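Take a look at the structure below.
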Amino acid sequence: MPNQARPGTGEQAKQLALGQLRQAILRGEMAPAQRLVENELAEQFGVTRASIRAALIDLESQGLVERIRNRGSRVRVVTVEEAVAITECRLVLEGLCAAKAAAAVDDEQLGELKGLGTAMRKAVADGEPLTYSDLNHELHARIREFSGQRTAVELLERLNAQLVRHRFQLALRPGRPQQSLNEHLAMIEAIEARDPQAAETAVRAHLTSVIEALRD
């Protein structure tokens, strides 16, 4: 493909490749330990190898890609031990966000959280673990957003991106969605009560349960 037909070169092409690669990893379309071949990716995304290489460097800094000496890049493998350590950090930061959200949330935002809770109940009742997993992710994202704590949000986005594989594995574990549903409903109830301490406690209890599940 001639350069003028590409979607862009330099920073524009790098950002295009970065966004598409990141989403492919987050959606699980690229598996842990999958090799990331620059020539193939450049062809796939219609950008130069230099743009792919720059995107991979950014993804490495985000913890999504690892570069292996003399072997190129691959999707990073996050061990159970690393997943536990990341979740321990999440526990503190997400607890902070929940407390902030409980103090700042408005009625419209509360309605959104309660709607997610209703949808999560339905997903569990219908036996749809992947739908439940997506709703779980959305609930946490909304609580972070409503907190207004931008620094914590940015840190959590980077941490959570590394846990995609483990999140899906937990969602598919028999009985896990039913257990975590009550934990998430407790989070929503505490925020609805506008009780920052209870909201933080509920999030910490939920993520402590996640850590225990990861270790099982």
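Counting begins at 1 with the first residue of the sequence. In this text, all values refer to a predicted model and were calculated from it rather than measured experimentally.
Listed for the T118 side chain is a donor-acceptor partner under 3.5 Å among the backbone atoms of K114. At least one donor-acceptor pair closer than 3.5 Å links the side chain of Q109 to the backbone N or O of D106. The closest donor-acceptor contact from the side chain of R173 to the backbone of A213 lies under 3.5 Å. Between the side chain of E189 and the backbone N or O of A186, no donor-acceptor pair lies under 3.5 Å. Side-chain atoms of R22 do not come within 3.5 Å of backbone N or O of A161 as any donor-acceptor pair. The closest donor-acceptor contact from the side chain of D126 to the backbone of E128 lies at 3.5 Å or more, if one exists at all. Within the 3.5 Å criterion, the main-chain N or O of V47 finds no donor-acceptor partner in the side chain of S51. No donor-acceptor distance shorter than 3.5 angstrom exists from the side chain of H206 to the backbone of L91, with no hydrogens or angles considered.
Between V75 and A31, the shortest heavy-atom distance links the atoms CB-O, 3.3 Å. Taking each heavy atom of A152 and L96 in turn, the nearest pair found is CB-CD2, 4.4 Å. The two residues A98 and V203 have their closest heavy-atom pair at CB-CG2, 3.4 Å. K100 and S147 make their closest contact through CB-O, 3.6 Å (heavy atoms, listed as atom of the first residue, atom of the second, distance). Nearest heavy-atom pair, D195 versus A198, reported as atom, atom and distance to 0.1 Å: OD1-N, 3.1 Å. Counting all heavy atoms, side chain and backbone alike, P129 lies closest to P177 at CB-CG, 4.4 Å.
Side-chain atoms of R76 and Q162 include a donor-acceptor pair closer than 3.5 Å. No hydrogens or angles considered: a donor-acceptor pair under 3.5 Å links the side chains of T79 and E82. For the 3.5 Å distance criterion, the side chains of Q15 and E11 qualify, holding a donor opposite an acceptor. One side chain, H184 or Y132, offers a donor N or O that lies under 3.5 Å from an acceptor on the other.
Note that the NZ atom of K122 and the CG atom of L181 stand 13.5 Å from one another [nearest 0.5 Å]. The distance from atom CG of L64 to atom CG of L18, rounded to the nearest 0.5 Å, is 9.5 Å. In this structure, CZ on R90 lies 13.0 Å from CG on L155, to the nearest 0.5 angstrom. Rounded to the nearest 0.5 Å, atoms CD (E145) and SG (C97) are 11.0 Å apart. In this structure, CG on D134 lies 11.5 Å from CG on L116, to the nearest 0.5 angstrom. E183 contributes atom CD, which lies 8.5 Å from atom CG of L207 (distance to the nearest 0.5 angstrom).
Using a 4.5 Å cut-off on side-chain heavy atoms (C-beta onward), N160 and E94 make contact. Side-chain contact between H166 and V80 is present, with at least one heavy-atom pair separated by less than 4.5 Å. You'll find the side chain of L93 stays beyond 4.5 Å of the side chain of Q149, heavy atoms only.
Residue I86 is not grouped with residue I25 when hydrophobic side chains (ILVMFWY) are merged at heavy-atom distances under 4.5 angstrom, including chains of intermediate members. Transitive grouping of hydrophobic side chains (ILVMFWY, heavy atoms separated by less than 4.5 Å) keeps V153 and L139 in distinct clusters. When hydrophobic clusters are built by joining Ile, Leu, Val, Met, Phe, Trp and Tyr residues whose side-chain heavy atoms come closer than 4.5 Å, directly or via intermediates, I57 is not grouped with L21. Under the 4.5 Å side-chain heavy-atom criterion for ILVMFWY residues, no single connected hydrophobic cluster contains both V65 and L159. Under the 4.5 Å side-chain heavy-atom criterion for ILVMFWY residues, no single connected hydrophobic cluster contains both L113 and L156.
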Next item on the list: For side chain to side chain donor-acceptor pair (under 3.5 Å), just list the numbers for R176 and S133, CA-CA rounded to whole Å, side-chain angles, deciding distance to a tenth of an Å, and then say yes or no.
Entry: CA-CA 11 Å; R176 179 61 198 169; S133 179; over 6 Å; no
Next item on the list: Would you please test R144 and H140 for side chain to side chain contact (heavy atoms under 4.5 Å, CB included) and show each step?
Entry: CA-CA 6 Å; R144 293 195 298 270; H140 283 273; 3.6 Å; yes
Check: Stepwise, does the side chain to side chain contact (heavy atoms under 4.5 Å, CB included) test hold for M187 with T201?
Finding: CA-CA 8 Å; M187 290 159 48; T201 298; over 6 Å; no
Next item on the list: Please step through side chain to side chain contact (heavy atoms under 4.5 Å, CB included) for the pair Q169 and L214, ending with a clear verdict.
Entry: CA-CA 9 Å; Q169 287 177 338; L214 286 167; over 6 Å; no
Item checked: Derivation of the salt bridge (Lys or Arg N to Asp or Glu O under 4.0 Å) call for R142 and E138 -> CA-CA 6 Å; R142 285 290 168 266; E138 183 70 12; 2.8 Å; yes
Note to self: side chain to side chain donor-acceptor pair (under 3.5 Å) for E66 and S73? Distances and angles first, verdict last.
What the structure shows: CA-CA 6 Å; E66 55 188 353; S73 299; over 6 Å; no
Next item on the list: Could you go through the side chain to side chain contact (heavy atoms under 4.5 Å, CB included) check for T208 and E212 one step at a time?
Entry: CA-CA 6 Å; T208 297; E212 291 170 354; 4.0 Å; yes
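The number of heavy atoms from other shown groups lying within 6.0 Å of CZ (R194) is above 12. Heavy atoms from other residues, nucleotides or ligands lying under 6.0 Å from CD of E60 number more than 12. By the 6.0 Å contact criterion, CD on E29 is enclosed, its count of non-hydrogen atoms from other residues, nucleotides or ligands being greater than 12.
The pair R215-E81 fails the salt-bridge criterion, with no side-chain N (NZ, NE, NH1 or NH2) lying under 4.0 Å from an Asp/Glu carboxylate O. Note on E154 versus R158: no salt bridge recorded, every NZ/NE/NH1/NH2 to OD/OE distance being 4.0 Å or above.
Checked against L170 for a side chain to side chain contact (heavy atoms under 4.5 Å, CB included), the options L163, V210, N136 give a single hit: V210.
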